[in-house]
Amino acid sequence: MHRVMNITDVDDKTIRGAREAKIPLREFTAPFKQAFFNDIDTLRIKRADDFPTATDQQYIDRMIAMIATLITRGLAYQADDKSVYFRINKFPDYGKLAHFDLTQLQSTGRVKHDEYDKEHIGDFALWKAWDEEDGAVGWESPWGRGRPGWHIECSAMATALLGDEIDIHCGGVDNIFPHHEAEIAQSEGCTGKKFVRYWLHCAHLLVDGQKMSKSLGNFYTLADVLEKGYTGREIRYALMRVHYRAPLNFTWDGMEEARQSLGRIDDWLMRLRECSASVSLAKGNGRQAGSLPYTFEEALDDDLNISAALGFLFETIRETNRAMDRGEVDPASANVWLNWWERVDSVLAIGHGEDEIPAEISQLARAREQARLAKDWRKSDELRNELNARGWETRDTKDGQKITRRAGT
RNA sequence: GGCGGGGUAGCCAAGUGGUAAGGUCGCGGUCUGCAAAACCGCUAUUCGCGGGUUCGAUUCCCGCCCCCGCCUCCA
């Protein structure tokens, strides 16, 4: 599998930002790029193999070559404003992805149209002619100085790195039209081949039931959520547990639920690890959870049915906990389950390592153990409260006291 | 208005023409000095609303309502 994520590092906003900051475009976009990578790391999102950027000269060259091809084929033309536009009337499939009938399109009035220069209101820019607003930003082309249009960069970078035909193209539903529609038109207009086999469009993130927006005051950054004490993996779990095609409503209750669910997984793993390390007299019973309609893999194979997959995980957790309660899990079968978890977590990436217990914490724990042996409940409860206050939880089991870090780890 | 995605228990959410996974919360129990964790039990005669098809529909068909998104130079 070859994964590519395109980075648009030139557009109206970045040009304006760089101009206002009086710094080169590249210098202006660099911190945003860095922040983006920090965020995907926080969310444990696996890095793509490539992160091509639109301003990379090799891709600019490719965009220019593609535009030239489109002009040669009559699919594009240079208008009086010197910009080059895609001629959508020459591409019958345009609008197919979004199920749009171009003759029935209505303008929302959201964008202003420079209708004079274009043959059709729906024609979109492939190459934008330079104007004063662009300042130092621009590249030479057969059609004069300018910059790439808003969609051609994706076609150029995708076909450069993945070939003319790609298996899966992801993106938000809001990008179906016009962005993905334009990508298809440009790419297939150049190659004559089917550009994308499967489109995976994810639904929107809502906050408190409404679209996230600064004016509604329900706008959160990743940093805001981290500041509330939630960890990256908790956020990851909260965002992940809903099917990608269904809108996800972000709430603080949802974050709390994510934390509790992860705690359940953590406790199960801790138990399994102890079990696998023990010299146990348990009679092995490593049978797989049966009688369930799906396995974890089958659920994900079914259009990434994460809810069914997680359902299977939690049913498995209950079954093995039950078996451990009955003393039916020996080290060998515990390892079977731990290995199974490794496979599951290679996809989910929600596990966390075992905690190292600081010296002062284990000292308090030992003191509590002593108090319990002396049946000094008052003192042992005080020490338990003290440990809780420091973020550690105590559990008294048959095998003695266990301490674990809870919440936000 | 057109197109697309949603509407399932307090909340989140899967699912199927044959009678509702899972998570979370709450309540009761086992265990425990008390807890915690785990386990057991309880919590939707019902799947937005109204018709229809069917022996039977939440699942199929028709109509309607509500929410979210898109409808061309913001990517």
Side-chain angles (χ1 to χ4, degrees), chain A residues 6 8 10-14 54 83 85-86 88 94-95 97-102 104-108 110-115 117-118 120-126 128 149-151 153-154 171-179 181-182 201-206 209-211 237-238 241-243 245-249 251 253-254 256-268 270-271 292-294 299 302 305-318 320-326 372 375-378 380-381 384 388 393-398 401-404 406:
Chain A
N6 293 161
T8 297
V10 56
D11 72 342
D12 289 345
K13 279 182 198 161
T14 47
S83 290
Y85 295 94
F86 189 94
I88 62 166
Y94 191 78
L97 181 71
H99 303 100
F100 280 177
D101 177 353
L102 295 178
Q104 300 213 330
L105 287 184
Q106 291 184 5
S107 171
T108 55
R110 198 170 51 135
V111 288
K112 68 173 198 294
H113 308 292
D114 302 323
E115 298 175 39
D117 299 320
K118 296 191 291 186
H120 185 286
I121 188 174
D123 290 350
F124 56 87
L126 294 166
K128 301 185 82 163
W150 2 296
H151 313 299
E153 57 195 62
C154 282
V173 285
D174 52 335
N175 275 335
I176 295 173
F177 194 91
H179 187 56
E181 203 72 67
H201 288 117
C202 65
H204 274 268
L205 175 64
L206 306 177
Q210 288 181 292
K211 187 181 174 183
Y237 185 86
R241 82 207 143 108
V242 175
H243 187 91
R245 231 164 348 86
L248 168 66
N249 187 25
T251 60
D253 283 349
E256 206 49 45
E257 183 189 322
R259 168 168 289 179
Q260 294 306 325
S261 302
L262 287 173
R264 185 166 164 76
I265 294 170
D266 293 345
D267 289 339
W268 171 69
M270 185 175 71
R271 240 185 128 180
L292 291 162
Y294 274 148
D302 182 12
N305 191 341
I306 187 68
S307 301
L310 289 173
F312 180 82
L313 170 64
F314 283 108
E315 288 188 47
T316 300
I317 288 174
R318 183 149 41 81
T320 46
N321 274 333
R322 205 184 285 154
M324 285 189 278
D325 279 357
R326 286 194 301 249
R372 291 193 74 242
K375 297 201 187 297
D376 185 348
W377 308 128
R378 186 180 185 148
S380 80
D381 289 351
R384 179 164 64 194
N388 281 348
E393 199 168 84
T394 56
R395 287 176 199 169
D396 302 314
T397 72
K398 287 186 185 66
Q401 178 182 253
K402 298 274 189 316
I403 58 174
T404 49
R406 293 309 298 263

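Note that the coordinates shown come from a computational prediction; the quantities given were computed from them, not determined experimentally. Quick note: numbers below take in every heavy atom, side chains included, and nothing from hydrogens, waters or symmetry partners.
- Remark: the separation of the P atoms in B:rU43 and B:rG7 is 24 Å, to the nearest Å.
- For A:Glu257 against B:rG23, a side-chain-to-base donor-acceptor contact under 3.5 Å is present.
- We find that A:Arg322 and A:Asp325 are not joined by a salt bridge, their nearest charged nitrogen and carboxylate oxygen being 4.0 Å or further apart.
- No hydrogens or angles were tested; on distance alone, nothing pairs the side chain of A:Asn305 with the base of B:rG15 as donor and acceptor under 3.5 Å.
- Ring-to-base geometry places A:Trp377 in a stacked arrangement with B:rG33 (centre distance under 5.5 Å, plane angle under 30°).
- Spacing of P atoms, B:rA36 relative to B:rU45, comes out at 30 Å, to the nearest Å.
- Nearest heavy-atom pair across A:Pro247 and A:Leu206 is CB-CD1, 4.4 Å.
- Interface remark: the A:Arg384 side chain does form a donor-acceptor pair with the B:rA35 base, using a distance-only criterion of under 3.5 Å.
- Considering only side-chain N and O atoms, A:Arg264 lies under 4.0 angstrom from the phosphate OP1 or OP2 of B:rA38.
- Side-chain to base pairing of A:Asp253 with B:rC25: no donor and acceptor N or O lie closer than 3.5 Å to each other.
- Across all strands shown, B:rC68 is found opposite B:rG4 as a Watson-Crick or G-U wobble partner, with both distances under 3.5 Å.
- Taking 4.0 angstrom as the limit, A:Arg271 places none of its side-chain polar atoms (N or O) nearer than this to OP1 or OP2 of B:rA37.
- Between A:Phe124 and A:Tyr94, the two ring planes are parallel [angle under 30°; tilted spans 30° to 60°].
- At a threshold of 4.0 angstrom between heavy atoms, the contacts of A:Gly122 include nucleobase atoms, whether or not backbone atoms are also involved.
- Across all strands shown, the partner of B:rC55 is B:rG18, judged by Watson-Crick or G-U wobble contacts whose two distances both fall under 3.5 Å.
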